[in-house]
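Everything on this sheet refers to the single structure shown next.
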Amino acid sequence: MDRTLFCAAAFAAACAPAWAQEKGGNAFNPGISLILQGTAATSKEDPAAYRIDGFAPSGGEVGPAPRGFGLGESELVVSANVDPYFRGHFVVALTPENEAEVEEAYFQTLALGRGFTLKGGRFLSGIGYQNEIHQHAWDFQDAPLAYKAFLGGRLNDDGVQLRWVAPTDLFLELGAELGNGRAFPATERNRNGANAASLLAHLGGDIGTGTAWRAGLSHLRARPDGRDFDAQSFTGTSRLWIADFVLKWAPNGNATATNFKLQGEYFRRKESGSLTNDDGTVLTGDFASRQSGWYLQGAWQFMPRWRAGLRFDRLDHGTVENSPLVSEHNPSRVTVMIDWSGTEFSRLRLQLASDKSRAGVTDNQAVLQYVLSLGAHGAHRF
Amino acid sequence: MRFLMALALATLSWPALAALSIFACTPEWAALAQEIGGDRVSVTAATSALQDPHHIEARPSLIARARRADLVFCNGAELEAGWLPLVLGQSGNPAIQPGQRGYFEAASAARLIELPERVDRAMGDVHAAGNPHLHLDPRNVARVAKALATRLSALDAQGAALYAEREAAFQKRWGDASARWEREARPLQGLPLVVHHKNLSYLIAWLGMREVGALEPKPGLPPSAAHLAGLLTSLQRVPAKAVVRAAYNDPRAADWLGQQSGLPSISLPYTVGGSARATDLFGLYEDTIARLLGVAR
């Protein structure tokens, strides 16, 4: 006999204690946390004029930290179970320009079963590895160049996501997303249906007691219509593939004193379609591009509280046909960082970068950053 | 495609022999689940005795294991607050979500001590529900065993008689062993100790020992040079007999203080698997008491 039904029908009070919610669970208040961030930065070149030469502008906020003192985004996170069927999650970023920006506002199912989880709303896409990680949890102050060039920093579309975890010892997860295409590389198109779609697959597991890994493959397909491109706009198809991996090691799997994290991603994009000048004339010849990029980074906690990190970024201009505005430049960057975490709730970081995003120019950047989190315990995402 | 099929087949496991698949968050609760469930359950522990249970990540292998679990048996009292919600959320397994029958916290059946009067992170890593390291009081283990047997029976009615029988047998052996440990540990009464983290408080309270200092300036903060120097000075006024730490705690601070003060610095298994003798819950307690008796003389 189904004991739940039995209890619900007749003996609710007598049965409840057997699997009642543990004590200490707060009384229906959502978990609330607040992230405070700020920077003090210097750079040789003007951050406001930052661009990644050789690549179409992605429209995101991809520039380095502003010179002098700067306030980062303050993030307010509210999350709780709605009922036995749904969980709600809301992240609003308050920008230094005094604007509120909804970063995430989604529901997630709890009761679909058989390994399925459905998400809906606005959420960080599951493509790649770093895309799903909030900026305050990154190992460097800013995004890899590949994320800046191919996704405008990150992808958080409005739409739905379905994920399935396989019933295997080896972690295998498959997912699909449909989105409105509200941001690069897609555009909103005032039509019925989805304007962007992605597929993703993740594999992961442990090696011995000390090492854990995850590898993934993702594909994003979008059909932008009139995407701004300096004085031109692009209409056509954009296909992006991402291969990612992350490997974490700690002695005996105990990351408290020392640990090491290695992460890398490879992006490859194919776009084809047509370019239109702002005056309405269509450029002769079909536009087509094949571009790629990768980064590899490591973060090493060499003693309690202290970590050092090194990151290599490289973008390959590839082939771009019939686009007079894109220069033939292969951007690259080397970044080093050292950070100190008083607890898992506070982090101070010094980061230095030699950035060759612009053709013929080396920009030397230095940034001091703080990241503090208040309130509900944050998640230790892998 | 053929390769993928082969891979899928190779990694599919068939838990047909065990009626219940249990995902235990810590080794002590994995050991207890095995005591009560016997061959009727298959148990996996998410962490080892050498890992700090506060600082675990929601790594892929944990999500894969939670996906197939019938019961998540965790410590609770916020010990797993940093990683368990993510694992549960990503598992796609409705049976093990908080509030369901397949979710059970040891803390819900135990008596907790050191409940903070107010909770402020300026006080370090304090837990609102009380000190979560509750398994080093054998009376808590007995309480949790009873509640666990009830829960297993609710999940697997066909095994109810077996669980009840195994629980009764365990309670008998555990009760006898606890009485013996209390007798053997009589010389430990009043034993002054310096601890690394407040993860031995239940043991100290049960055996009537005294904590006269902690290597961590505040719970969860790593020992600092200034704090250790202060501790060394205070040990001249309030002497201790030993510096004790759990197997997963970094030994350097305890060893440094031991050398400076001339006190023995010892590692306690803390949980099942934390030493060669701590192969089950009985071995855990026996080895712990033997090691403490070694420094009490």
Side-chain angles (χ1 to χ4, degrees), chain A residues 1 3-4 15 18-26 81 84-85 87 108-117 163-173 202-206 209 212-214 248 250-257 304-305 342-345 374 376-382, chain B residues 7-8 10-13 47-48 50-52 54-65 67-68 76-78 81-83 85-86 89-95 97-105 107-108 121 124-125 127-130 147 150-151 154 157 220-222 248-250 252:
Chain A
M1 173 163 195
R3 186 154 165 144
T4 315
C15 296
W19 51 82
Q21 177 86 46
E22 69 296 345
K23 50 197 171 197
N26 62 7
N81 289 339
Y85 311 108
R87 180 166 182 81
Q108 187 180 357
T109 59
L110 296 171
L112 276 190
R114 294 176 192 276
F116 286 99
T117 306
R163 284 174 115 132
W164 177 70
V165 180
T168 51
D169 284 336
L170 188 73
F171 173 74
L172 167 63
E173 181 185 55
H202 297 137
L203 271 183
D206 293 342
T209 53
W213 61 277
R214 200 193 85 170
K248 298 189 185 187
N252 295 313
N254 188 0
T256 314
R305 294 180 155 172
T343 63
E344 60 181 297
F345 307 104
L374 295 63
H377 201 299
H380 304 169
R381 177 177 277 284
F382 181 77
Chain B
L7 190 72
T11 53
L12 270 172
S13 71
T47 58
S48 86
L50 298 179
Q51 295 170 351
D52 184 337
H54 302 89
H55 297 128
I56 300 292
E57 284 184 337
R59 58 183 202 276
S61 67
L62 297 184
I63 298 167
R65 283 190 258 170
R67 155 76 167 89
R68 291 178 302 148
E78 299 163 23
W83 58 275
L86 265 184
Q90 293 183 30
S91 70
N93 183 349
Q97 302 299 323
Q100 302 297 320
R101 269 190 290 188
Y103 180 84
F104 176 59
E105 290 187 346
S108 67
R121 290 231 172 91
D125 192 11
H127 300 268
T150 309
R151 184 65 63 96
L221 299 191
Y248 74 78
N249 292 137
D250 189 346
R252 285 175 295 187

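First the proteins, then the strands, lettered A, B, ... as listed; each starts at 1. Values in this document were obtained by computation on a predicted structure and should not be read as measured data.
- Shown here for B/Arg252 and A/Pro304, the closest heavy-atom pair between the two residues is NH2-CD, 3.8 Å.
- Interatomic distance, CG of A/Asn254 versus CG of B/Asn249, reported as 8.5 Å (0.5 Å rounding).
- In this structure, the portion of A/Ala166 lying under 4.5 Å from any heavy atom of chain B is its backbone and not its side chain.
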Could you go through residues 108-117 of chain A and list every donor-acceptor pair under 3.5 Å that involves a side-chain atom there, pairing it with any protein atom two or more places apart or in another chain?
| from | atom 1 | to | atom 2 | distance (Å) |
| --- | --- | --- | --- | --- |
| A/Gln108 | NE2 | B/Gly89 | O | 3.2 |
| A/Thr109 | OG1 | A/Leu118 | N | 2.9 |

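- The two residues A/Thr256 and B/His55 make their nearest non-hydrogen contact at OG1-ND1, 3.7 Å.
- Residues satisfying the ring pair (Phe, Tyr, Trp, His ring centres under 6.0 Å) test with A/His377, not counting sequence neighbours, are A/Phe345, A/His380.
- Nearest heavy-atom pair across A/Asp169 and B/Ala64 is O-CB, 3.7 Å.
- Of the residues considered (A/Glu344, A/Lys248, A/Arg163), A/Lys248 shows the highest number of contacts with chain B, using heavy-atom pairs under 4.5 Å.
- Residue B/Arg121 comes nearest to A/Ala376 through the heavy atom pair NH2-C, 4.1 Å, listed as atom of the first residue, atom of the second, then distance.
- Heavy-atom distances place the side chain of B/Asp250, and not its backbone, under 4.5 Å from chain A.
- With a 4.5 Å cut-off on non-hydrogen atoms, B/His127 does not touch chain A at all.
- If you tally non-hydrogen atom pairs under 4.5 Å between each of B/Gly82, B/Ala128, B/Ala81, B/Ala58 and chain A, the highest count goes to B/Gly82.
- Counting heavy atoms from C-beta on, the side chains of A/Glu173 and B/Pro60 never come closer than 4.5 Å.
- Looking at A/Arg87, neither its backbone nor its side chain comes within 4.5 Å of chain B, counting heavy atoms on both sides.
- Of the atoms belonging to B/Arg59, heavy atoms from both backbone and side chain fall under 4.5 Å from chain A.
- Ranking A/Trp213, A/Tyr85, A/Phe171 against chain B, the residue ahead of the rest is A/Phe171, based on heavy-atom pairs under 4.5 Å.
- Judged purely by atom type and a 3.5 angstrom limit, B/Arg67 uses its side chain to pair as donor or acceptor with the backbone of A/Val165.
- With a 4.5 Å cut-off on non-hydrogen atoms, B/Leu86 touches chain A through its side chain but not through its backbone.
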